[in-house]
Amino acid sequence: MSVERATTTPAWRTVLGSIGRVAPVFLVLVLLIAWITTINPSFIEPAQFLNFLRRSSPLMILAAGQLFVVVTGGFDLSQGSLITLTVLGGALLAFGDPANTAWVIAVLYGIGLLVGLFNGAVTSFLRVPSFITTLGMLLTLKGFALLWTGGAPRGALPDNFRAFGRAFVEGVPLLGRVPWAVIVLLAFSAMFIYLFHYTVLGKQALAVGDNQRAAALAGIHVARVRITAFVISSLSAVTAGIMLGGFSGVSINVGDGLELQAISAVVLGGAALLGGRGNMPAALAGALTLQALFTLLNFLGLPSPLRVTVQGAIIIGAVAYAAWRAVRAGQERGA
Amino acid sequence: MTTATAPLRRRARRLRVPIIWWLLVATFLIAWGLVGQFGRGDFIAPSNLNNIVERATALGIVAVGQTFTILVGSLDLSVAYLISVTAVMASYIMQGDPSRVPLALVVVTAIGLVVGLVNGLLVTKARINPLIATLGVGLVLRGLLNASFQNFAGSVPASFQYLAYGTIGPVPVPMLLFGAVVALGAWTLGRTRFGAHLYAVGGDRATARLSGIRADRVVIGAHLVASLTAVITGVYLASRLRSGAPWIGPDGVYDLESIAAVVVGGTLLSGGRGGVLGTIAGVLIFATLDVMFNQLGVGSYTKQVLRGFIIIGAVAVYAYRSREVVG
């Protein structure tokens, strides 16, 4: 659907139009932020809000990568384990020496590239469902991270490695201190929006997810599109891992469950699981909404286990609402 | 095809040994050889075979239920936390008192039915993708459980441990329990109307509905079965561990591993094709490899790395043969 639209309307109009169709997530986000602000009025002051964005940045980047896989009709469950591997492996390789940072980051992206290529190739050529491919990869990467480090974090991340997650640019007019993480986030968001909405790759990904066979008959190299999507997802996980290593330090559980949060964020952002529909700004907003929700539950002083319960209920509610809207709008799709 | 040959062909199809059983035999022979060559102990000693089945029991029971949800084109990620809830509630209610066992069993069964019903309704009536719906329900259960219990809660009476440690003649009770669940599952899928409807709905929902099958009810039924098997696994684990703790479900990764076992066993993730016997072969392969790795002295992290590749490899073996378009 979106593909056909793209040929008749300018791209910027498509982006705005599809935001209009998936608007609820933006509304929910604004409401959540308003609610948080009534409890803690300083939340929307630049310093606090930038800090909120900083904490959200790994999940947002992760969700953006996940969106590429989801619109092609797949899942990437290996993101969380790849984050753990990035943090543990980064600490072990760099061992606290700032001189190592550059090549360590290069090696980590190299690992991400291999993981993405493997996920994509196994799914495309061996025809293993991506749910299973990436589930196997989840187990393998976590096991490999623990095997490599001997089961406990070893080494340390040097300060210039951690800077991506925790350093600030001082003295910016109007805003004061701007976290590096927010700058990284803006750069990546711009890149993801460009890739998804303004390049052939984005259109092809949507077409493949909508109907793989039709896409193939239309001359799209389906395997190449899907492999690229998995590579983008893995590289975004490495990026998120580098940032998480910056502000939450080295732990063997750092990535646990993040892949499911990323999938939830993407779905909150109106993407259809099983492919064919998705919007990048909305997916980014979905991740921000999840993070705002965690912040709100924190401010409300709910015991931390119950936050999980509320999170589950809200994800169900939001997706149920989206499904109901889709039915009402007469664009009913299977699942 | 004439009408006379149709029943014959059907019988022939039923008798065909699924490829996964050959994989199981191959795995077993390789494990036997490797352990004989490099490992400690006798791989085919009765105690060792018993060990394999014991490892397979907890995962196997819930995997039978998971087969039902996957056959109708759904899946259930909430089973791990339902197992925890069941084990904790069962031992908490029993408090070591044999007279409270029936009450505990009634309560955990009721919890299981409610969870299954909620999962089914969310997937059918609210039209939520099953991955998200059951993930959400799992999170809800996890939060409620962790808010109420932090550690082992209560205990099961000594007599109740018969379920995990008793024997009838030479046969261990867990093996009988496992066998009974498998037999019941296979019978339901192969011989009942509900079973036939499961395949019909999983194969093509719209066609099934047009043929007069109430598809939503069938999906809800599958989710009820999955939740009930999770309850049985939870009760079994409580009996084996003497008490229930909130982490036993997620620590066993019963959600993802049961799905992996079902798919390794040849059931299509998209539904409509497969069955319980394949799932059991998948579970037994996992257990055989587990015992083999232990006897070879392979570390637990290496084991996890290998398991990931084994899952992918096993599914690749016949995913490649079937030439299906996958997601």
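Reminder, nothing fancy here: chain letters follow the sequence lines and each chain counts from 1. Basis for what follows: all heavy atoms, side chains included, without hydrogens, waters or symmetry-related copies. Here the structure is a predicted model, which is why all the values come from computation and not from measurement.
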- Note on the structure: Whatever's closer than 4.5 Å to a heavy atom in chain A on Ala147(B) counts as both
- Part of Leu144(B) lying under 4.5 Å from any heavy atom of chain A: both
- Report the distance from atom CG of Leu147(A) to atom OH of Tyr301(B), rounding to the nearest 0.5 Å. 9.0 Å
- Item | Reported CG-to-CD1 distance for the pair Leu135(B) and Ile263(A), which is rounded to 0.5 angstrom | 8.0 Å
- Item | From Leu145(B) atom CG to Thr309(A) atom OG1, the distance as rounded to the nearest 0.5 Å | 9.5 Å
- Query: Looking only at heavy atoms, what is the nearest atom pair of Thr140(A) and Gly308(B), with distance?
  - Reply: OG1-CA, 3.1 Å
- Of the listed Ile315(A), Leu135(A), Leu77(A), the one with the largest count of heavy-atom pairs under 4.5 Å with chain B is Leu135(A)
- For Leu269(B) and Ile132(A), run side-chain contact (heavy atoms from CB on, under 4.5 Å): C-alpha distance rounded to whole Å, both residues' side-chain angles, the deciding distance at 0.1 Å, then the answer. CA-CA 9 Å; Leu269(B) 202 49; Ile132(A) 297 294; 4.3 Å; yes
- Message: Does Phe293(B), at its CZ atom, have more than 12 non-hydrogen atoms belonging to other residues, nucleotides or ligands within less than 6.0 Å?
- Response: yes
- Message: Out of Leu306(A), Val222(A), Thr134(A), return the one with the most heavy atom pairs under 4.5 angstrom to chain B.
- Response: Leu306(A)
- CG/Leu139(A) to CD/Glu257(B) distance, rounded to the nearest 0.5 angstrom? 6.0 Å
- Note on the structure: Shortest non-hydrogen pair, Val140(B) vs Gly312(A), comes out as CG2-C, 4.0 Å
- Query: Between atom CG of Leu139(B) and atom OG of Ser264(A), what is the distance when rounded to the nearest 0.5 Å?
  - Reply: 7.5 Å
- What is the minimum heavy-atom distance between Val305(B) and Phe144(A), and which atoms define it? CG2-N, 3.2 Å
- Item | Inter-residue atom distance Thr133(A).OG1 - Ile311(B).CD1, 0.5 Å rounding | 11.0 Å
- Task: Apply the test side-chain contact (heavy atoms from CB on, under 4.5 Å) to residues Val315(B) and Leu126(A): give CA-CA distance (whole Å), side-chain angles for both, the deciding distance (0.1 Å), then the verdict.
- Result: CA-CA 9 Å; Val315(B) 176; Leu126(A) 298 183; over 6 Å; no
- Query: So Phe131(A) and Leu75(B), side-chain contact (heavy atoms from CB on, under 4.5 Å) or not? Walk me through it.
  - Reply: CA-CA 12 Å; Phe131(A) 190 90; Leu75(B) 54 76; 4.2 Å; yes
- Can you say whether Leu122(B) sits under 4.5 Å from chain A via the side chain, the backbone, both, or neither, judging by heavy atoms? side chain
- Message: If I compare all heavy atoms of Ile312(B) with all of Val128(A), which pair ends up nearest, and what's the gap?
- Response: O-CG2, 4.0 Å
- Message: Does any backbone or side-chain atom of Ile310(B) lie under 4.5 Å from a heavy atom of chain A? Answer side chain, backbone, both or neither.
- Response: neither
- Region of Leu131(B) that comes under 4.5 Å of a non-hydrogen atom in chain A: side chain
- Val137(B) versus Ile316(A), closest heavy-atom pair with distance: N-CD1, 3.6 Å
